[in-house]
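Have a look at the structure below, then the notes.
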Amino acid sequence: QVQLVESGGGLVQAGGSLRVSCAASARPFSSYRMGWFRQAPGKEREFVAGIRWSGTGSYYKDYANSVKGRFTISGDNGKNTVVLQMNRLKPEDTAVYYCAAGSALSGSYNYWGQGTQVTVSS
């Protein structure tokens, strides 16, 4: 079983920045993707950002419209890690953030982290 170890999260003021990191205990798949989801109280879990590496070494990134221009996802394919840099945080960004990993060829995620709380105060 692949385990995802998360770090980061916490309480920040609106307009501030925070970085959350995730590392897989082993390579999830030969070709894989990693991403971040979040779930706020009373809402369904939603996609935040993701990164996918191709077999040729190229990578692709995707962001939810609500975080475009503010969040940046980056990763190290060799280290099986991914980082989400969150800038200009808003109170509506408050949620539990989950790291996830899956096959690069699949639209689904197979492994999930425990989640880390991100709270943005106004």
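For the numbers below, each heavy atom of this structure counts, side chains included, while hydrogens, waters and symmetry mates do not.
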For Gln114 and Thr116, what are the C-alpha separation, side-chain angles and deciding distance, and is it a side chain to side chain donor-acceptor pair (under 3.5 Å)? CA-CA 7 Å; Gln114 297 297 313; Thr116 184; over 6 Å; no

Evaluate the criterion side-chain contact (heavy atoms from CB on, under 4.5 Å) for residue pair Glu6 and Ser21; output intermediate values, then yes/no. CA-CA 6 Å; Glu6 300 172 328; Ser21 302; over 6 Å; no

Please lay out, stage by stage, how Arg19 and Val83 fare under the test side-chain contact (heavy atoms from CB on, under 4.5 Å). CA-CA 7 Å; Arg19 187 176 77 170; Val83 173; 3.2 Å; yes

Assess whether side-chain contact (heavy atoms from CB on, under 4.5 Å) is satisfied between Ser74 and Gln85, documenting all intermediate values. CA-CA 8 Å; Ser74 61; Gln85 177 66 46; over 6 Å; no

From CA spacing to verdict: ring pair (Phe, Tyr, Trp, His ring centres under 6.0 Å), Phe71, Trp36: CA-CA 11 Å; Phe71 291 10; Trp36 291 93; over 10 Å; no

Could you walk me through whether Phe37 and Glu46 satisfy the side-chain contact (heavy atoms from CB on, under 4.5 Å) test, starting with their C-alpha distance in whole Å, then the side-chain angles of each, then the deciding distance to 0.1 Å, before giving a yes or no? CA-CA 5 Å; Phe37 291 74; Glu46 65 175 347; 6.0 Å; no

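Of all non-hydrogen atoms in Leu4 and Cys22, the two that sit nearest each other are CB-SG, 3.9 Å. Between Tyr109 and Phe47, the shortest heavy-atom contact is OH-CE1, 4.1 Å. Of all heavy-atom pairs spanning Gln117 and Thr94, the tightest one is NE2-CG2, 3.9 Å.
The cluster map of Ile, Leu, Val, Met, Phe, Trp and Tyr, joined by side-chain heavy atoms under 4.5 Å apart, puts Val67 and Val118 in the same cluster. Tyr98 and Met86 are assigned to two separate hydrophobic clusters, defined by single-linkage of ILVMFWY side chains at heavy-atom distances under 4.5 Å. Linking ILVMFWY side-chain heavy atoms closer than 4.5 Å, directly or via other members, places Ile73 and Val96 in two distinct hydrophobic clusters.
Remark: Ser122 OG to Lys90 NZ distance equals 14.0 Å, nearest 0.5 Å. To the nearest 0.5 angstrom, Ser106 atom OG is 11.5 Å from Arg52 atom CZ. Considering CD of Glu92 and CZ of Arg38, their distance stands at 8.0 Å, rounded to 0.5 Å. Rounded to the nearest 0.5 angstrom, Thr72 OG1 and Asn87 CG are separated by 6.5 Å. Taken to the nearest 0.5 Å, the NZ atom of Lys61 stands 5.0 Å off from the CD1 atom of Ile51.
Using modelled atom types and a 3.5 Å distance limit, the side chains of Thr81 and Asp76 yield no donor-acceptor pair. Between the side chains of Gln13 and Ser121, at least one donor N or O sits under 3.5 Å from an acceptor N or O.
The aromatic rings of Tyr111 and Phe29 sit tilted relative to each other, their planes meeting at an angle between 30° and 60°.
Between Arg70 and Asp93, at least one side-chain nitrogen of the basic residue sits less than 4.0 Å from a carboxylate oxygen of the acidic one, meeting the salt-bridge criterion.
By the 6.0 Å contact criterion, CD on Gln39 is enclosed, its count of non-hydrogen atoms from other residues, nucleotides or ligands being greater than 12.
Side chain of Arg27 to main chain of Asn77: a donor-acceptor pair is present (N/O by atom type, distance under 3.5 Å, no hydrogens or angles).
Of the residues listed (Tyr60, Tyr59, Tyr32), the one engaging Trp53 in a ring-ring contact (aromatic ring centres under 6.0 Å, His included) is Tyr32, and it is the only one.
In this structure the side chain of Val12 never reaches within 4.5 angstrom of the side chain of Thr119, judged on heavy atoms.
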